[in-house]
Amino acid sequence: MIRKFKVYTIVLIIFMACSDNRTVANSSKEDAINVKVDSLIRIMTLKEKIGQMNQYNGFWDVTGPVPNGGDAEIKYEHLKNGLVGSMLSVRGAEAVRAVQKIVVEESRLGIPLIIGFDVIHGYKTLSPIPLAEAASWDLEAIETSAQVAAAEASAAGINWTFAPMVDISRDPRWGRVMEGAGEDPFLGSKIAKARVKGFQGEDLSAVNTIAACAKHFAAYGFSEAGKEYNTVDIGTSTLYNTVLPPFKAAVDADVKTLMNAFNELNGVPATANKFLLRDILKGKWGFNGFVISDWASIKEISLWGHTKDEKDAAKVAAIAGTDMDMESHIYVSQLEELVKEGIVKEDIIDDAVRRILTVKFELGLFDDPYKYCDEVREKEVVNNKSHHEAVLDVAKKSIVLLKNENQLLPLKKEGQKIALIGALASDKNSPLGSWRIASKDNTGVSVLEGMQNYKGNTLIYKKGADVSVGETHFVNELTINETDKSEFDEAVEAAKNADVVVMVLGEHGFQSGEARSRTEIDLPGVQQELLEEVYKVNKNIVLVLNNGRPLTINWADKHIPTIVEAWQLGTQSGNAIAQVLYGDYNPSGKLPMTFPRNVGQIPIYYNYKNTGRPVADKTNPNLVFWSHYSDVENTPLYPFGHGLSYTTFKYSNLKLNKTSFKMDEEVQVSVDVTNTGEFKGKEVVQLYIRDLVASTTRPVKELKGFELIEFEVGETKTIKFTLNKEILGFYDNEGNFIIESGDFVVFVGGSSYTSLHTSFVLN
Ligand code: BGC
């Protein structure tokens with residue numbers, strides 16, 4: 001292969017031998033990589049170094065003819081001249097080989113590209129959207145799902161995913177909540193770690209693992225009023241205690257990269273935010289990987305009004321600590337001059353390049369730049385049967401039973417007439433959700449297909465009404481069906497004669513995700529009306545929701561006996577839903593995000609502050625002067641952590657080993673949980689604390705532990721938790737992690753609304 005690659009390897013060896021006292025044989029793997037990186041940096045020109053900091057999007061059919069003219073030709077020239085360090089969205093072993101070949105064979109040093117892609121919830125075989133997966137609270141299943149994604153992506157030439165998104169959000173209007181783990185920093189941190197582990201594995205140089213990217217750093221989920229790409233103005237307490245912990249968890253799990261956020265944070269665009277990138281991430285946390293901008297976010301620094309032109313933007317982004325430029329084309333055009341003028345120190349460039357090259361070495365790209373380009377492996381691995389089994393497993397675990405009055409579920413397997421209604425019930429595309437770029441349209445199993453596997457009942461399907469009209473695409477605005485009710489009658493007729501009606505309603509698969517903010521988050525279009533029409537003729541309705549965010553479904557909650565939150569569950573969606581409806585899987589999911597009663601309640605979240613006026617005066621309930629809305633019940637529709645099972649669980653005997661502790665002692669908590677129902681089932685046993693008095697006030701409840709446990713019918717298990725300094729402490733307004741003495745309350749139960757509690761003192 002590859003004359004240039006050989007030349008480069010020789011040069012490298014010479015440099016290694018003459019320039020460093022350490023020998024690779026005697027040093028650790030990490031030291032050995034450092035030596036190689038230093039050696040390589042020494043022989044790179046400034047232009048070549050800046051090239052490593054440049055990432056381009058896939059731009060022409062790389063397996064076809066070479067471009068002539070325009071942007072594509074410039075990019076091609078840059079590849080040949082060693083001015084590109086990475087590409088995104090080139091996929092497939094053959095296509096990646098083709099671009100890799102250009103840099104390896106034609107550029108002076110032949111430094112391989114790192115190939116990035118948005119493998120958000122799978123490559124071709126899709127897992128549930130991340131918010132849904134978070135509802136499983138099953139860290140093992142979540143890690144497995146990331147492993148499957150990494151296995152498929154790496155077989156298709158990709159060695160870097162732009163995931164996990166670890167943005168905490170309290171605003172379901174923001175479309176990107178579908179991509180994260182919900183509202184809670186503790187659950188979010190555990191999931192961040194599981195996802196990083198799943199993608200990166202134990203050995204990043206293995207052929208089936210890929211580098212992860214924790215994004216978007218930081219506070220993107222707090223975008224004003226849930227509006228995409230917007231302003232974030234939050235205080236330090238929220239920043240340190242809520243926003244940053246999942247990023248810190250990802251860094252502690254050795255995540256290799258982070259991505260900037262599109263928002264500004266307290267007046268400074270995240271991409272130019274030295275405080276976030278240099279002081280916290282690379283300073284306090286000692287992060288050794290590299291930071292990539294978001295798409296064109298270096299260019300956008302000027303649009304925010306923080307810099308006057310491209311040169312200025314390149315300067316502030318590089319100085320702030322953004323190491324790689326995704327598609328702004330600004331580093332490659334501006335940085336050389338800035339360095340030559342002494343405005344940006346070459347040390348900053350060297351530091352960025354060192355970080356980027358280190359990840360490339362760790363991936364093993366210098367040993368074999370084509371290691372992820374094996375067409376035979378690609379065929380075997382992508383869409384492998386075992387992957388479908390794994391995503392089915394996590395899909396079932398992600399389903400949340402919100403309500404089940406009259407035990408309408410599980411459905412009887414025989415002798416029933418079932419009417420299945422709703423366009424989403426036969427939809428094979430929407431279940432795939434947003435961010436599924438590599439997978440083929442319409443490859444999800446629909447609910448109709450899933451239910452057809454159960455042959456003992458009579459199943460009649462009627463669409464009722466479309467959710468959207470016209471073409472649907474990831475990059476275009478959707479048109480929702482607000483008028484066409486022409487098929488209502490057929491659906492109502494089918495419902496009239498059915499024993500049970502299963503209605504699958506909710507959002508189109510592209511109604512959540514990037515740039516999909518909504519001001520109303522109820523059932524879109526005419527679906528609410530359809531539900532009410534069907535209800536008039538048959539009250540035995542099981543409502544199955546397909547959606548990428550919490551919805552306001554007050555009417556349904558009031559009238560419909562059974563509601564199943566089934567999100568967008570990926571490739572095996574319909575099978576997972578059918579298995580839950582028929583009781584072959586007993587639902588165990590719990591909400592990772594609060595469901596509001598109306599949009600006016602947003603932001604609504606379980607770990608709010610008590611305020612100085614938390615409750616109404618019981619002696620004078622007409623007095624209005626307490627912290628509340630006067631036109632709605634002051635509770636969520638469904639709280640964080642809520643989720644039912646076909647069985648029931650009883651919590652009792654909550655105990656601590658003592659009631660008074662020294663700072664360094666561990667608090668042992670135990671609780672008995674009994675399966676009091678008629679089905680074997682799993683329960684997420686949740687532990688919350690309240691720190692009653694603190695120098696900066698603490699929330700009324702904070703999740704600090706959970707265990708997912710299976711119980712036989714009638715079985716009781718004693719579940720134990722240990723609380724220590726790390727769990728009981730918090731960040732002060734300067735970002736120091738502190739622990740203070742005082743009274744603590746411990747709550748344990750099956751949701752954040754649990755009232756079972758006990759207390760202790762920390763001295
Ligand atoms: C998104 C990122 C994504 C990038 C590359 C941006 O629009 O915000 O999350 O990784 O595009 O596709």
Side-chain angles (χ1 to χ4, degrees), residues 54-59 75 84-91 113-123 129-131 146 149-150 153 156 158-169 174-181 192 195-196 199 210-223 226-230 232 246-247 250 255-265 269-271 273 289-301 303-304 317 322-329 433-439 473-477 510 512-517 548:
N54 182 30
Q55 184 190 59
Y56 285 146
N57 187 43
F59 46 90
K75 288 177 173 179
V84 187
S86 172
M87 295 208 53
L88 82 145
S89 298
V90 180
R91 62 176 190 272
L113 298 164
I114 177 169
I115 304 288
F117 194 74
D118 288 289
V119 187
I120 305 299
H121 54 114
Y123 181 68
I129 57 168
L131 184 66
I158 291 148
N159 39 51
W160 177 23
T161 174
F162 304 129
M165 184 184 106
V166 303
D167 297 312
I168 297 298
S169 184
W174 189 48
R176 294 195 87 164
V177 296
M178 58 76 55
E179 237 185 291
R195 291 199 168 127
V196 170
F199 289 128
I210 58 180
C213 179
K215 68 188 189 185
H216 305 84
F217 198 61
Y220 191 24
F222 280 74
S223 219
K227 201 166 170 194
E228 186 63 298
Y229 312 129
N230 223 274
V232 175
F247 288 99
V255 70
K256 294 297 165 188
T257 71
L258 260 79
M259 185 185 289
N260 297 136
F262 281 129
N263 54 282
E264 63 162 38
L265 175 63
T271 306
N273 206 306
F290 69 88
V291 177
I292 176 146
S293 77
D294 203 344
W295 182 287
S297 68
I298 299 180
K299 195 175 255 161
E300 291 174 12
I301 298 172
L303 294 168
W304 275 107
T322 297
D323 302 306
M324 190 182 272
D325 170 357
M326 179 196 288
E327 271 293 324
S328 282
H329 306 204
S434 195
W435 286 118
R436 31 69 177 251
I437 309 167
S439 84
H473 195 271
F474 179 54
V475 297
N476 293 335
E477 209 73 71
F510 288 144
S512 57
E514 184 173 347
R516 265 59 176 198
S517 297

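In each ligand, atom 1 is the first atom listed, and ligand 1 is the first ligand listed.
- Checked against the 6.0 Å centroid criterion, the rings of Trp160 and Phe290 qualify as a close aromatic pair.
- Considering only residues two or more places apart in sequence or on other chains, Arg436 meets the salt bridge (Lys or Arg N to Asp or Glu O under 4.0 Å) condition with Asp441.
- Remark: Phe199 engages no residue in a ring pair (Phe, Tyr, Trp, His ring centres under 6.0 Å) (not counting sequence neighbours).
- Asn159 pairs by the side-chain hydrogen bond (donor to acceptor under 3.5 Å, both in side chains) definition with nothing, not counting sequence neighbours.
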Put together the list of close N/O pairs, under 3.5 Å, between ligand 1 and the protein, could you?
from, atom 1, to, atom 2, distance (Å)
ligand 1, 7 (O), Glu514, OE1, 2.9
ligand 1, 7 (O), Glu514, OE2, 2.9
ligand 1, 8 (O), Arg176, NH1, 2.7
ligand 1, 8 (O), Asp294, OD1, 3.3
ligand 1, 8 (O), Asp294, OD2, 2.6
ligand 1, 9 (O), Arg176, NH2, 2.9
ligand 1, 9 (O), Lys215, NZ, 2.8
ligand 1, 9 (O), His216, NE2, 2.7
ligand 1, 10 (O), Asp118, OD1, 2.6
ligand 1, 10 (O), Lys215, NZ, 3.1
ligand 1, 12 (O), Asp118, OD2, 2.4

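- Here the closest heavy-atom approach between residue Val255 and residue Ala214 is recorded as CG2-N, 3.9 Å.
- Classified by interplanar angle (parallel below 30°, tilted 30° to 60°, perpendicular above 60°), the ring pair Tyr220/Phe262 is perpendicular.
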